[in-house]
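Structure record follows, encoded as structure tokens.
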Amino acid sequence: MTQSAQLVIVANRLPVDRVELPDGSRGWRRSPGGLVSALDPVIRGSDGVWIGWAGGTETDLEPFVDDGLSLVPVSLTQQDVEEFYEGMSNATLWPIYHDVVAKPEFHREWWDTYVDVNRRYAEKAAEVAEQGATVWVHDYQLQLVPQMLRELRPDLRIGFYLHIPFPPAELFAQLPWRRQVLEGLLGADLVGFQIAGGAANFVRLVRQRVGHKTHRDVVYLPDGRTVRAAAFPISIDAQAFEELARSDSVAERSEEIRTALGNPSKVFLGIDRLDYTKGIYARLRAFSELISDGLLDVEDAVFVQVATPSRERVEQYRILRDDIDRLVGRVNGDLGRIGRPAISYLHSAYPREEMAALYRAADIMVVTPFRDGMNLVAKEYVACRYDDDGALVLSEFAGASNELRQAWLVNPYDINGMKAALLDAYRADGKERSRRMKAMRKTVLKNDVAAWAAGFLESMAQVGRDE
Ligand code: F6P
């Protein structure tokens with residue numbers, strides 16, 4: 001049975017991954033990443049359908065309902081996983097879109113598979129969407145879907161949202177398939193970005209590389225259609241996070257965590273997918289130098305770093321994992337004492353309850369990516385600090401820094417600057433912490449994920465109607 005719907009979400013991944021359970025049977029586990037955390041509450045509030053990959057290479061998965069969500073799996077073969085997901089998406093586009101923090105690889109066969117897989121997602125969406133439905137396509141893995149889908153189903157309203165940064169024209173220009181990607185995106189009525197700079201980069205590129213007329217945030221296509229490009233900063237279900245953080249079980253767990261850490265006076269925390277864009281290595285170095293400089297003491301302070309396994313077969317991610325393993329081993333070997341490691345390193349994924357307990361337990365949250373579309377961890381931390389306490393050290397290069405201006409903002413390439421900010425946040429008094437946290441909480445609670453989704457969907461319904 002294929003379900004049909006008036007709202008269809010198309011994303012690379014489903015919100016759940018097919019996994020082998022400890023007893024050997026097959027089951028489902030929540031997928032990693034900010035996209036799933038953001039979209040889950042959106043689709044729950046509608047009768048929509050979510051199309052995506054279940055994370056493996058099983059080919060016989062039928063549409064199903066999981067925890068109240070209607071899910072339609074797209075199958076990927078081993079070759080698709082290697083060339084579309086690990087290759088083109090995560091070894092070509094990901095580094096280009098993140099300031100070339102790692103060197104992008106270009107392979108023509110990866111591109112061919114990217115085109116094929118995008119077509120399969122578009123065909124699935126065309127099958128599932130009811131007449132005149134709204135289809136909302138997500139992220140860099142599926143940039144060709146809007147155009148392919150429009151060709152199949154001109155009756156649909158199509159939106160596209162990019163969860164990661166959209167690069168400056170100079171970097172995007174390296175992509176051998178730059179024109180095809182721009183044309184793919186132009187199949188949408190509305191193309192959404194995390195920040196205004198991304199939308200401006202896109203419009204400029206469309207003018208330069210495709211030659212369409214543009215005015216401000218609108219692109220005029222030769223067939224009379226218009227496409228709008230605008231910023232819609234993504235967010236979280238802030239209230240749900242706050243409620244979770246307030247629960248007795250999370251409060252208890254947070255106490256347990258601090259006790260297990262030896263009740264240090266200050267806990268620093270990092271929670272990231274293990275990705276080279278996140279700046280984990282540089283931040284741990286900055287922290288460890290504060291200890292070796294004698295400005296922090298392992299009896300007083302510990303850094304808890306949670307690194308969620310991610311894209312483990314992609315070479316750059318393997319290298320990063322080895323680098324971090326080595327750094328943590330060296331720092332703890334050199335600076336730790338019995339029962340007092342400088343860094344408590346966890347290479348694992350945790351459920352939301354555990355994350356909320358960690359946020360509650362952390363005095364200083366450290367979010368220092370070299371480049372990040374938004375970074376929802378920063379917003380989750382703020383949402384959980386209903387006590388108006390806790391300090392956030394945040395990279396200027398995370399989209400979240402546009403909104404969370406009261407964080408301790410840092411340039412993650414500047415190790416001394418990061419050391420100074422970590423120390424300042426460590427030493428800040430309660431009044432200072434509360435002043436900053438209160439202001440950030442106001443922003444996060446007001447601009448939550450429901451407001452983000454409503455803003456995007458309303459704008460999408462408007463495109464072409466008010467010009
Ligand atoms: O937004 C970034 C993103 O790539 C999402 O598309 C994705 O869901 C998340 O990060 C996690 O990455 P992956 O799906 O490659 O594990």
Side-chain angles (χ1 to χ4, degrees), residues 9-19 28-43 50-57 71 73-74 76 80-99 101-102 104 110 114 117-118 121 136-143 145 160-167 192-195 198 232-236 271-278 306-318 320-321 347-350 367 369-380 398-400 449 452 456:
I9 300 273
V10 191
N12 174 47
R13 274 187 196 277
L14 288 174
V16 285
D17 262 353
R18 192 81 169 137
V19 287
W28 298 99
R29 187 185 57 202
R30 191 182 165 87
S31 308
L35 182 150
V36 166
S37 340
L39 283 179
D40 186 283
V42 172
I43 195 95
W50 185 319
I51 297 175
W53 171 48
T57 51
L71 308 178
V74 172
L76 298 188
D80 295 335
V81 173
E82 285 164 19
E83 298 187 348
F84 157 75
Y85 171 70
E86 293 164 354
M88 188 67 204
S89 297
N90 289 315
T92 307
L93 295 170
W94 182 266
I96 289 204
Y97 283 37
H98 286 91
D99 280 1
V101 170
W110 290 1
Y114 184 83
V117 173
N118 270 249
Y121 277 84
W136 193 359
V137 184
H138 292 265
D139 233 357
Y140 61 103
Q141 303 95 339
L142 302 179
Q143 294 174 101
V145 170
F160 180 90
Y161 188 78
L162 186 70
H163 292 252
I164 67 174
F166 192 79
F193 299 87
Q194 298 280 18
I195 57 173
F232 298 86
I234 203 167
S235 195
I236 55 165
I271 301 184
D272 310 82
R273 265 187 322 97
L274 186 49
D275 194 297
Y276 51 81
T277 59
K278 302 288 183 184
V306 175
T308 309
S310 183
R311 306 174 191 164
E312 291 184 285
R313 287 159 35 95
V314 178
E315 198 195 351
Q316 298 279 6
Y317 289 76
R318 291 188 185 181
L320 174 75
R321 181 169 181 196
H347 180 246
S348 191
Y350 292 103
V367 182
F370 293 123
R371 183 59 69 191
D372 210 334
M374 177 53 64
N375 197 294
L376 295 181
V377 163
K379 292 190 172 179
E380 288 172 6
V449 73
W452 167 77
F456 186 92

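As the structure lists them, so they are numbered: ligands from 1, and atoms in each ligand from 1.
- In this structure, atom 14 (O) of ligand 1 lies nearest to the protein heavy atom Arg13 NE, 2.6 Å.
- Below 4.0 Å from some heavy atom of Ile164 lie the following atoms of ligand 1, by number and element: 1 (O), 2 (C).
- Between Trp452 and His138, the ring planes lie tilted relative to each other; the angle falls in the 30° to 60° range.
- Given atom 15 (O) of ligand 1, the protein heavy atom at minimum distance is Tyr85 OH, 2.6 Å.
- Every atom of ligand 1 with a heavy atom of Tyr140 under 4.0 Å away is listed here by number and element: 4 (O).
- Looking only at distances, no side-chain donor or acceptor of Trp94 sits under 3.5 Å from a matching main-chain atom of Pro104.
- Side-chain atoms of Arg273 and Tyr317 form no donor-acceptor pair, as typed in the model, at a separation below 3.5 Å.
- In terms of protein heavy-atom proximity, atom 8 (O) of ligand 1 is closest to Leu35 CB, 3.8 Å.
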Task: Derivation and outcome, ring-ring contact (aromatic ring centres under 6.0 Å, His included), residues Tyr97 and Phe166 - done: CA-CA 6 Å; Tyr97 283 37; Phe166 192 79; 5.6 Å; yes
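- Inclusion of Arg311 in the set of residues having an N or O under 3.5 Å from an N or O of ligand 1 is warranted.
- Residue contacts with ligand 1: Gln141 is placed with a nitrogen or oxygen under 3.5 Å of a nitrogen or oxygen of the ligand (distance criterion only).
- Contacts with ligand 1 closer than 4.0 Å are made by no heavy atom of His138, backbone or side chain.
- Taking 4.0 Å as the cut-off, Asp139 counts as a neighbour of ligand 1 on heavy-atom distance.
- No side-chain donor-acceptor contact under 3.5 Å links Asn12 and Tyr140.
- In this structure, a donor-acceptor pair under 3.5 Å is absent between the side chains of Gln141 and Tyr114.
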- [ ] Any chance you could lay out the ring-ring contact (aromatic ring centres under 6.0 Å, His included) test for Phe84 and Trp53, step after step, and finish with the verdict?
- [x] CA-CA 12 Å; Phe84 157 75; Trp53 171 48; 7.8 Å; no
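- The backbone N or O of Ala91 sits nowhere less than 3.5 Å from a side-chain atom of Gln316 that would complete a donor-acceptor pair.
- The single protein non-hydrogen atom nearest to atom 9 (C) of ligand 1 is Gly33 CA, 3.9 Å, given as residue, atom name and distance.
- Ligand 1 places these atoms under 4.0 Å from at least one heavy atom of His163: 1 (O).
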